[in-house]
Amino acid sequence: MATGTTSAKPATGKGAGGGRAAGGGRRTGTSTGAANGRPTRRLVIVESGTKAKKIQQFLGRDYIVEASVGHIRDLPRGAADVPAKYKGESWARLGVDVDNQFAPLYIITPEKKGKVAELKDAVKSVDEILLATDPDREGEAIAWHLLDTLKPKIPVRRMVFHEISEPAIRAAVENLRDLDHDLVDAQETRRILDRLYGYEVSPVLWKKVMPRLSAGRVQSVATRIIVQRERERMAFVPASYWDIAALLDAGAEASPRQFPARLVGVDGTRVATGRDFGPDGQLKSARGKDAARALDEASARRLAEALEGRDLAVESVESKPYTRRPYPPFMTSTLQQEAGRKLRFSADRTMRSAQRLYENGYITYLRTDSTTLSDTAIQAARTQARELYGAEYVSPQPRQYTRKVKNAQEAHEAIRPAGETFRTPGEIAGEVDGDDFRLYELIWQRTVASQMADARGTTVSVRIAGTAATGEDVTFAASGRTITFPGFLKAYVETLDEGSDGQADDAESRLPELVKGQPLTAAELTPEGHTTNPPARYTEPSLVKALEDLGIGRPSTYASIIKTIQDRGYVWKKGQALVPSWIAFAVVGLLEHHFGRLIDYNFTAAMEDELDAIAQGTQHRTDWLSGFYFGADTGSEGSVARSGGLKKLVGVNLEEIDAREINSVPVFDDVVVRVGRYGPYLERVRDGVSQRANLPDDLPPDELTPEVAEQLFSVPQEGRSLGVDPVTGHEIVAKEGRYGPYVTEILPDTETPAETNGNGRKKAPAKPKPRTGSLFKSMTTESVTLEDALKLLSLPRLVGVDPESGEEITAQNGRYGPYLKKGSDSRSLANEEQLFTVTLDEALEIYKQPKQRGRRTAAATPPLRELGKDSATGKPMVIKDGRFGPYVTDGETNASLRKGDDVEKITDERASELLAERRAKAGTTTKKAPARKKAAPRKKADSKS
DNA sequence: CAGTGAGCGAGCTTCCGCTTGACTT
């Protein structure tokens, strides 16, 4: 089991594997080794290299502190990673033996082999090991993997801490515990579920939508959120409404003398504002106690006129205290959000900068879901606030922020300036610049502000009444906010999301002192029209927030989720906005219809609850996974285990899903967007004829309106125009087709053929077909010239007539490349140039040769390499280059070389192994899966008559 | 999404969460 091992830990997770840890001595602190009287030497293993260095300083010479640098083992990523021993297993593709209690197959992550060797070496020079990985589910699993991989013969114990400070580390060394196998079980179960989900559902997408697509518990929900928002935008009907903006005058004594107010009521009925309208453009609150009435333009103008010069009076003044508490210190998600809003950083850019700050000792750990500050950090923040703003700006009591967020694991502190005293941005300005400086400043401000006093002030709401000349009683409203003590707002104010209609916390608007009954006049009355807006698209920060609210994804993955959904082509960025592609619509549609439970927004939440039960020891991992994968009646409603049996679901869906239907996204009327192999296009049926139009890549789905569609349909199928054929006068274009790039001519419109009439289908008169020609391999649609195109369109070329048979010999370019054709007899040509140069004599010479069979073409190109004899058959083996790349053959069996195999370096043993594998596979999978037609060819007869 | 004549080796794509360093231009 040098490279691979199935889980040594039994499925129950109790006992074995960690036995030594469980039996580990209770020795703590600075005990001495009994044998030689020297102090006990201990190896401490943490996850991060930066942490290791820091902790080494606290612990001194008797300790060696090393980092695992994250996980050291994982399930194999693909076939290439599976050790030879397990290659033939039916479950090797998954890396999980689903029929044997879901036993996982772990391999040492290839790039971690060196690290594991280092750790093994370090073990030799110590008496005891302390596994000090992070105190959360993943950390517990890393600790177990370390134990299971290093297999030390010395005591092993678990060490935990939540902050990197000397007292915290010293305390941790004095309070060791044993490994928590139930918690490890929960992590493995999570890992296995994610693997089964991802590796079973993705292939469904490859077959039904497009290769290389992916589905997963996290990314599929992220994509769905974005698609769902776009659907809302597409369905949105804007509403327009009017009101009156007034500038009121309180007289020369008042300060300010004038202030803005807005019409809110007419004859006791509320005037509708934006939030009174639903997404369908209709008034939501037309009836009932809180009924509102929309004002149209004419009414608003008439009313404004009728109010001109009328007396108004203050009807009521309501004053309330305004207080704001500081925001909690940053954790990963809020840091990404605020850096996105304030600095316009992408999540990825924020994390790269934060990583540099962390590694250089400027901030604490950057991947955290905790807002907790250590005591020293709280003191440092308070000291700094006092020095900068004065004692009254510091909150009377130290503030600790406890989070109530789903699935938080709270292994670390909040993100804050490092150290026991904080360095101000000014102090580090000489050392740090650019992104890093700006991010540090943000973190510093937020941390200091979190220990400052509440902001205090007053908000005032005023109602003003009057009567129009036409008799209506009207009500205006005005509001003001004054901040009497800014408190923390002096240090930090959160920025609002784009498109939000809220008010920043430090925004002020002053009203004069007003009392009930006070007379006012209107200096200005301006009727104003407004239109409701569709919900805004997600941005990186707002998507991170949405995911966090759903408890989906972890601090270490938010940035990579955004990258993944972009890499897969599900989402693209337009400025800050995340726009879904049509492929995303197709994929999300498929998942919603056929794997509904899996992309339920609550799926992860349910999973987390049940993983907690596994961690508590009250739920059995195998039962639970079995329910998820094979299906079960047990488990409560909403349980992940009741998602219907993934395995069967995948099988059924592969049979039943109609790819054509899935890849057709209806947009409006009879217009559908079809997601094809070469990108999305529009389709509709007009007069029984299907029309198509290309869709520009950068057209956001919600901008595909009927008008835009009409315009796209009216544009002739595009292609790069190369010019006009001087002979025919037809335009020549280069296009990308189903079989690759080609050139064709555009024929002028001919008379529309007669339509179907009555009971019979009248045969349309034969339309002249445009000439077409595939590009040669050396050409691209970008570079091909008119001259090239005319040559291509001149094919097939008449080479001459066979004097013996009198048959014509032509040279043409076909599916398998250039060839000669004489009746039904064909011969391949060596290169494309010969299509134009081959003479009749040469052609006749070629026809004298017997038709080249497959074996002969191979013989024509010598093998890349000759090897020894196959250990199984004794036949000589050679490496050849084939359509799909290099392969090894013994003349009978052929086997492609795999990813890691090198033509030059491959050994006879390896070649024999590949052949043996191939034979084994041929034996078991002789059953030919009938190639399913992707979509039945469209026949006119199919359209319902 | 163009339409033209063989016979023959597919294998790979993909998940989520921990961590950064080691490649090449």
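Labels below follow one simple rule: chain letters A, B, ... track the order of the sequence lines, proteins then strands, and each chain is numbered from 1.
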Hey, does [X] reach any base, or is it just sugar-phosphate, or nothing, if we go heavy atoms under 4.0 Å?
{"X": "A:Q219", "result": "sugar-phosphate"}
{"X": "A:R568", "result": "sugar-phosphate"}
{"X": "A:P203", "result": "base"}
{"X": "A:G70", "result": "base"}
{"X": "A:L193", "result": "nothing"}
{"X": "A:T772", "result": "base"}
{"X": "A:K112", "result": "nothing"}

Quick one: does A:S828 reach the base of B:dA6 with a side-chain donor-acceptor pair under 3.5 Å?
->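 Flag unset: no donor-acceptor pair detected.
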
Can a donor-acceptor pair under 3.5 Å be found between the side-chain atoms of A:R195 and the base atoms of B:dC16?
->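 Such a pair does not exist between side chain and base.
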
Under the side-chain hydrogen bond (donor to acceptor under 3.5 Å, both in side chains) rule, collect the residues that match up with [X], sequence neighbours excluded.
{"X": "A:T189", "value": "none"}
{"X": "A:E832", "value": "none"}
{"X": "A:R352", "value": "A:D348"}

Can you tell me if the side-chain N/O atoms of A:S556 get under 4.0 Å from OP1 or OP2 in B:dC18?
-> yes

Name all residues meeting the salt bridge (charged side-chain N to carboxylate O under 4.0 Å, His left out) criterion together with [X]; count only those two or more places apart in sequence or in a different chain, and write none if there are none.
{"X": "A:R865", "answer": "none"}
{"X": "A:R910", "answer": "A:D901, A:E913"}
{"X": "A:D194", "answer": "A:R190, A:R217"}

Tell me, please, which residues at least two apart from A:Y358 pass ring-ring contact (aromatic ring centres under 6.0 Å, His included).
->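 Partners of A:Y358 by the ring-ring contact (aromatic ring centres under 6.0 Å, His included) criterion, ordered by chain and then number, come out as A:Y365.
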
Please list, pair by pair, any protein nitrogen or oxygen found under 3.5 Å from a nitrogen or oxygen in nucleotides 20-22 of chain B.
{"residue": "B:dT20", "atom": "OP1", "partner": "A:S48", "partner atom": "OG", "Å": "2.5"}
{"residue": "B:dT20", "atom": "OP2", "partner": "A:Q355", "partner atom": "NE2", "Å": "3.1"}
{"residue": "B:dT20", "atom": "OP2", "partner": "A:R367", "partner atom": "NH2", "Å": "2.8"}

Writing each nucleotide of DNA chain B 5' to 3' as (, ), [, ], | or . by Watson-Crick or G-U pairing under 3.5 Å yields .........................

Pi stacking test for A:Y681 and B:dC1: under 5.5 Å apart, planes under 30° |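 Aromatic stack with B:dC1 absent for A:Y681.
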
For A:R137 and B:dG17, give me the distance from atom CZ to atom C1', rounded to whole Å.
-> 10 Å

